[in-house]
Every structure is written in structure tokens, then in C-alpha cells.
Amino acid sequence: MEASSDTISRKLLNWYDAHARDLPWRARPGAPAPEPYRVWLSEVMLQQTTVAAVKDYFAEFTRRWPDVSALAAAPDEEVMAAWAGLGYYARARNLLACAREVAARGGRFPDSEEELRALPGLGAYTAAAVAAIAFGRRAVVVDANVERVVARLFALDTPLPGGRTAIREKADAITPERRSGDFAQAMMDLGATVCTSRAPRCLLCPLSAECEGRALGEPERFPVKAPKKAKPARRCRAFWIERDERVWLVRRPGKGMLGGMRALPDDGWHSRGDGTGEGPLDGPWESAGKVGHVFTHFSLELSLAVYLGNQCDSLPAEEGEWWPLDRIGEAGLPTLFAKAAHLALAGTGERV
DNA sequence: GAGCCGTGGAT
DNA sequence: TATCCAAGGCT
């Protein structure tokens, strides 16, 4: 039996009115739409990132930079350091580029999906989400939650990524003309709390009567995904050079892994190969142990070497800085190097 | 289209 | 412990 699109959107919006999550970037029920700045900032932070991980960062960013012009005026290194630990650092670079573009045109975000899509860091999903949530435009918002809910609702079994075309068509068909922002957030809340990836709570679902995947008896089978590739294991060395209660930190290149972030000097490892083992000084080095870290497409074992010599005058000053040890937490080190710093300061080298 | 790009929580 | 996965975008 084919459920009508109106039935689905009406049931979902009713459910949302009763069960919407109370989130810092979301308007209370009945209140005006939240500021586009807050919607945009939250959506960028939420890209491939859980609500729980975002909350503290959102609070800190909006405290330090209350509007888009304030963010646009912030120094790169402060924003990158504030983003440290959240991951996908290209987002922070694009965030600043976008803020400066918006500030340059008067501090107002464009209100159409097409213009939003042209801004740095806004792809199909984020442009649609901002257009719908902040500006009340009808837009088809498709993220991983919507993909999962729609695939189950209509029992779409073409494997992703190819199956996304059909999923998008169905998502378009059930997106209402009015309240499409609420509809999108309702779909995402449903996906996050009820129609979860594993062990969906169909008994709590407002769409269970319309769900073809459930009717087939195994909603968890949807969406079908292509098999994943194995992660290679890589090794590298990083170097802890300490002098006068300070440690030598460098700035990574603007693109690529951990691009633009502060870091310990290392041996040139990258996603497709191990490092050379060579550091910025000849040594002598003492092993301080290892830390393990798993990235999206490879795992890394980092061996930390501590400098025991006294020739650090040869370090190229313009490519690094002596950072106070008692402020290491403010350096904005991405997690891999934060682990290494913790190891160096703890002084025990057994844990991997 | 496919590879690259982080992190932490859940199971 | 190993695996999966999340409010994706860019090249």
C-alpha cells in the first residue's frame, strides 16, 4: 500500500512538535527562526560529527565570535586552535573563508539555496539545510539520517553511493512546501533517536505504519552500502624538542592531513606512506614511547623521540615557535599530537 | 565517481 | 579489541 506524501510529512511534523530535541542552535517551538549565523555555524560543525561532540565547540565559538563579522575578523590561528579536536580541519579553513566572504558583502548570508551553495564549505546538504532552517525556503535536505530513513521507508535497496539518486527523489517527494526546515530537522531527529543505524526503535516511530522496510521485516537491511576498503597501518616518528620550559611546535601546511594546524615536527609521514624517520635535528634522541591513532582511511603508530642535545639553535625560527609547556593545552594541537604531548609530559612510554 | 580528510561514541 | 558510523565537502 502506497502511503501519501502528505500523510508522511504530517505525521512526522506532529511527532517533531512533541519530541523535537532541545539543541543550542535550534529555535524553541513557536519562536522565530534562529540567526543564519548560528544555523550555518552549527551545520558546518555537525558535518560528519555528532551532536554531543559539537555542543561545547558551538558554545565556545558563539561566545568568542557572536556574529559572522566577528568571526571574519579573527586571526586564522585562533580559529584553527579553537577548532582543534573537532576534526576535518578543512572545515575550519572554509569556515573562515566563508565568514570573510559574507562579512565583505555586509555581514548578511544570502537567502537562496543556490547562492549559499556557492560559499566555501557549503555543499548540497548544508546549503539546503541553511536555506530551509534559517530562511524558511523549501529545500530538499539529505544527510545520512535522511538517507537511512528514506531508504527504509521505501525499501530502497540499490547500494550507496549509486542509490542516492533514488533516495533523493523520494526525499523530494515527501518534503512539504511549508515547514521544510522543521521537516528536515524532524527527519534528522528521527534518524538520530529512533530510526538508528543499528537496533531501530520501530515501536516508537511515527512512520512505522508507512514503512515498507519494516513491513519486509528487516528495516536494518537498509540502506545497502558498498563494502569498505581495509585501512593500511602506517608508522611515523614525531619529535619533542624542549628548552627552557618550552617545546618546539611547527605549523603544518595549509592543505592535506591536519592542514593549517599546530603540530610537533615529524618525519614526513602522510596518508600514503610512512615517514623517513628523520627529524629536524640530528639528535641524539631518546625514545619516549608510542601512541596509536586511527584516521578515516589509515591507522598510525607514532613513535615519539625526545631531543637530548643542545644544538637547537639550528632550528629554522620562521617555521616554528617555542611554546610554553604550561600552556600546551592552548596550542590547539590536533588529537594525534595532543596524545604525543601527553606522553612526553607524563614521561612514561609504554602505552600504545 | 572515488579518494582524501578526524574524532569519539556505541556495540 | 575491532568495526561501524555520524547534520559532508572538495578535488
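Residue numbers start from 1 in every chain, and the chains themselves are labelled A, B, ... in the order their sequence lines are given, proteins ahead of strands.
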Earlier contact from the 5' end, DNA chain B, for A/Lys339 and A/Ser271: A/Ser271
Sugar-phosphate, base or nothing in reach of A/Val141, heavy atoms under 4.0 Å: nothing
Return no unless some side-chain N or O of A/His293 is found under 4.0 Å from OP1 or OP2 of B/dT7. yes
In whole angstroms, the gap separating P of B/dT7 from CG of A/Leu300 amounts to 11 Å
Consider only side-chain N and O atoms of A/Arg91 and A/Gln47, and report whether a donor and an acceptor are under 3.5 Å apart. no
Taking B/dA2 as the reference, what is the distance to C/dA7 when you measure between their C1' atoms (whole Å, please)? 23 Å
Heavy atoms within less than 4.0 Å of DNA chain B: which residues of residues 257-265 of chain A have one? Give them sorted by number. A/Met257, A/Leu258
Which of these nucleotides, B/dG6, B/dA2, B/dC4, is closest to any side-chain atom of A/Pro161? B/dA2
I'd like to know if the side chain of A/Arg252 and the backbone of A/Met257 have a donor-acceptor N/O pair within less than 3.5 Å. yes
Expressed in angstrom and rounded to an integer, what is the separation of A/Trp83 atom CH2 from B/dG8 atom P? 14 Å
Aromatic contact between A/Phe58 and A/Phe61, with the criterion being ring centroids under 6.0 Å apart: yes or no? no
Is it true that a side-chain atom of A/Arg262 and a backbone atom of A/Ala81 form a donor plus acceptor pair closer than 3.5 Å? no
Round to a whole Å and report the spacing from CE of A/Met80 to P of B/dC5. 14 Å
Between B/dG9 (P) and A/Leu86 (CG): distance, integer Å: 13 Å
Identify whether the distance between the nearest side-chain nitrogen and carboxylate oxygen of A/Glu60 and A/Arg63 falls below 4.0 Å. yes
Determine, using ring centers only, whether A/Phe295 and A/His293 are less than 6.0 Å apart. yes
Are A/Trp240 and A/Tyr307 close enough that their ring centres sit under 6.0 Å apart? no
Under the 3.5 angstrom rule, does the side chain of A/Arg201 hit a backbone N or O of A/Cys195 as a donor-acceptor pair? no
DNA chain B contacts made by residues 53-71 of chain A, counting heavy atoms under 4.0 Å: none
Using a cut-off of 4.0 Å between protein heavy atoms and nucleotide atoms, how would you tag nucleotides 4-11 of chain C 5' to 3' with B, S and -? BSBBBSS-
Under-4.0 Å salt bridge between A/Asp189 and A/Arg26: yes
Nearest 0.5 Å please: distance from the CZ atom of A/Arg108 over to the OH atom of A/Tyr37. 15.5 Å
Check whether A/Arg168 reaches the backbone of A/Val142 with its side chain - one donor and one acceptor, N or O, closer than 3.5 Å. no
